[in-house]
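Here the structure is laid out as structure tokens; the discussion comes afterwards.
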Amino acid sequence: MAKKVEMRHKNRKGNVVKWYREDFFIPGPSVFYNDISKVAKAFGEHLTPGQINEVVLKAIDNLTVEDRVISQAAGVLLSSFLEECGMDMEDLPMVVKEIYNHLPRIPDSRTKEEALTAVVNLATKRLNPVVDSLLDCSMDCDESAAAIWKALVSDPYSSIKLLRPLLKRLQDEDPNSEITYRRHSKSQMPMAATNALCLILSLPEASDVLQNKFSQLLLALITQIYFVLGTSRRGSGARSLLSEPSSHLSPLATTVQALKNLIGCGGYVKEYNILGMQRCWDMLSSPENFFEGIRILIRTLFTFSKVHLRTTFKQANAYLRRPDVKERTVGMAFFTELLFHGEIGLFFVKQDIMDVLKEWMGQANPLMQLFSIRGLGYLLQHPLEGESLNGFVSPLISCTYNQDKSIAKESIKCLQLLFQHLEAEEYSSAGCSLYPQLLKHFNDEDNDIRICSISLFGVLLRGMKEEHKNRAEDSVLRSLVPLIIQLTDPVSGEVNQDCRIVLNTIVTFLKLGELPSDIFEFGQQDKLYYRFSVISKYIPGPSLAFLSTPTPQLWRYRQRLPDMLMQMTEYLKSRNPAHREAATILIACNAQFMKPDVVSSKQIDDVFLALLDLQGDLDVAVSNAAVAASEELFRRCGGRINPKIVPSQHLLSMLKNNMARQ
């Protein structure tokens with residue numbers, strides 16, 4: 001008999017029967033009393049799926065009895081039956097749910113371990129449905145679900161395959177399908193998978209479970225944050241460590257925490273700490289700063305280690321073809337920001353990447369344009385050999401006119417980098433159209449766009465060909481007043497430096513002669529009047545006062561003083577006190593050049609009234625400068641100012657001055 005059973009390798013269901021010779025050394029039915037697992041081997045092969053279900057459910061019911069002998073026996077029987085017959089069992093979700101429901105009420109710890117082993121045994125045969133059933137049982141990953149997840153992670157076999165179905169469900173896809181489907185807006189699976197991953201990635205064994213899924217999980221969790229932000233439209237600060245069960249956290253905080261656990265699990269400990277100091281988690285939790293959070297995340301994450309850099313870029317490239325627009329958007333953000341790292345150019349063909357960026361630049365979608373410009377800017381900071389760049393000049397110049405200031409700013413920054421890779425002949429003509437546009441940003445409150453506009457203005461001037469100078473002359477002359485006033489701002493040293501460079505370039509461009517070498521080296525504010533007095537002798541309009549026979553070219557410049565005066569008057573309304581003070585002093589220094597044949601009496605009246613208004617400025621330095629400037633203007637041009645607008649103190653001052661002269 002023993003020999004016959006030993007030789008029968010398969011039962012009628014086609015399953016291998018795990019009988020061994022030593023199982024028959026004990027004669028009679030006592031073999032089943034000594035080892036309950038033999039019951040599953042002996043009878044499981046002969047039971048129908050329905051009968052197996054019935055035995056399993058009976059065993060589950062006995063897990064909670066107070067008699068430890070019975071509950072432990074039920075646990076062993078359950079574990080053995082699911083190991084032997086789990087593949088044939090019907091209604092797997094119900095079995096998982098019953099074990100999950102009974103788990104908190106099992107009094108004996110050994111029985112509870114057997115119940116967990118039973119789920120693990122079932123998962124080794126049918127992992128995907130076990131994962132789905134467990135996610136359905138507890139979306140929040142409560143204590144019972146957490147115990148089962150921990151048991152699955154601890155099992156060498158199930159842990160290797162566990163992340164694949166969870167990753168699929170995180171992306172709201174069927175684990176059994178290789179096809180990517182659009183996310184279902186009402187599905188709870190992504191959040192349930194997020195909660196499970198948040199727990200799993202916090203476990204000590206998580207690094208072994210992670211295998212090669214880091215890049216996939218990174219993009220999937222970032223995408224999940226994007227979806228949660230889209231549905232909730234509210235930010236939530238993420239916790240630094242998993243200090244309490246995920247059910248106590250909001251969906252957004254849990255997803256961010258899962259991302260943090262992933263980064264720590266991936267070995268990025270130093271990067272994790274830096275990201276916290278950079279407030280990356282807060283940015284990712286904010287709809288307004290989400291993409292800035294991605295920028296910081298990618299820039300920091302791969303600063304020291306490039307292990308996952310290549311696979312992350314490949315994953316981002318795959319996301320570009322996802323049917324869901326939010327997934328594609330996250331893919332574009334990753335694709336763009338990863339170009340910050342020069343190693344990408346070693347792994348992939350740079351011309352292919354540039355072709356993708358050029359296609360995005362031509363799209364109407366503002367976000368695609370922004371990503372393409374920023375990505376190109378990153379590439380331009382790395383060595384390029386043989387890649388074609390001329391095709392980007394015209395699209396980038398068009399983008400500088402975009403109403404979206406962020407797109408315009410990125411375009412101006414990118415053009416500076418692009419022109420460094422091109423010869424002047426390749427951009428001089430096209431760049432002429434940029435001067436008026438750049439000039440608009442010279443007074444912008446955004447310090448960043450102001451700096452890059454001034455800097456690009458200088459780049460274009462230095463690279464301008466002789467035949468294009470006439471087209472730029474008007475903009476160059478209009479830039480003088482803004483640049484001189486910007487030069488005095490004590491707050492922004494970078495603006496000051498760029499202004500000095502551009503002003504010196506303009507001096508050469510306009511052929512204004514030999515200026516003092518330190519004329520634009522502004523230091524203390526108390527020397528501002530002296531320096532402006534020197535500068536006023538050289539700017540085109542006033543310089544005619546020192547010429548007895550002006551050349552035709554200088555006669556053309558003569559008419560610029562009224563325009564410059566209008567610019568100075570506009571600066572009197574600036575929100576920056578340093579700019580108001582500088583404009584006031586500049587007006588005073590130019591009062592001596594406001595001759596009747598150059599500046600009209602009406603304009604002098606307007607300037608005088610503006611200076612009077614400024615005498616009540618809350619900033620003492622501005623108020624004092626306005627008093628001095630109005631007196632200087634009255635002294636130089638008092639005879640042309642309408643007496644009706646002149647306060648009595650100015651009339652007395654004029655009378656005293658006349659008497660002093662006599």
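Bear in mind that the values here come from a model prediction, so they are computed numbers and not experimental data. This chain uses plain numbering: 1 for the first residue, then up along the sequence.
Residues P165 and D132 are not in side-chain contact: their nearest non-hydrogen atoms beyond the backbone lie 4.5 Å or more apart. For the pair I60/L78, a side-chain contact is recorded, criterion being any heavy-atom separation below 4.5 Å from C-beta on. Residues I296 and L284 fail the side-chain proximity criterion, which asks for heavy atoms closer than 4.5 Å.
The two residues C141 and W149 have their closest heavy-atom pair at SG-CD1, 3.7 Å. Between L135 and A196, the shortest heavy-atom contact is CD2-CB, 4.1 Å.
Aromatic ring orientation, Y272 versus W281: tilted (interplanar angle from 30° to 60°).
For the pair H102 (side chain) and L63 (backbone), a donor-acceptor distance under 3.5 Å is absent. Checking side-chain atoms of T400 against main-chain N and O of I397 turns up a donor-acceptor pair under 3.5 Å. The backbone N or O of S388 sits less than 3.5 Å from a side-chain atom of Q351, completing a donor-acceptor pair. In terms of modelled atom types and a separation under 3.5 Å, the side chain of N195 and the main chain of M191 share a donor-acceptor contact. The closest donor-acceptor contact from the side chain of K125 to the backbone of E83 lies under 3.5 Å.
For the salt bridge (charged side-chain N to carboxylate O under 4.0 Å, His left out) condition, the pairs that include at least one residue of residues 391-409, sequence neighbours left out, are K405-D444, K409-D446, K409-D448. Counting only residues at least two apart or on different chains, the salt bridge (charged side-chain N to carboxylate O under 4.0 Å, His left out) pairs with a member in residues 334-357 are K306-E343, E337-R374. The ring-ring contact (aromatic ring centres under 6.0 Å, His included) analysis of residues 187-220, with sequence neighbours excluded, yields the pairs F214-Y268, F214-H308.
Between the side chains of T300 and Q278, at least one donor-acceptor pair of N or O atoms lies under 3.5 Å. A donor-acceptor pair shorter than 3.5 Å can be found between the side chains of D142 and Y100. The closest side-chain donor-acceptor pair between S202 and N261, if any, does not fall under 3.5 angstrom.
When the options V95, V96, D91 are evaluated for a side-chain contact (heavy atoms from CB on, under 4.5 Å) with P93, the one that passes is D91. The ring-ring contact (aromatic ring centres under 6.0 Å, His included) with F335 is formed by just one residue from the set F340, Y319, W360, F348; it is W360.
A 6.0 Å sphere centred on CD of E54 holds no more than 12 heavy atoms belonging to other residues, nucleotides or ligands.
The distance from the CG atom of L438 to the SG atom of C452 is 8.5 Å, given to the nearest 0.5 Å.
E173 has a carboxylate O that lies under 4.0 Å from a charged side-chain N of R322, or vice versa, which qualifies the two as a salt bridge. R295 and E292 are joined by a salt bridge, as a carboxylate oxygen and a charged side-chain nitrogen come within less than 4.0 angstrom of each other.
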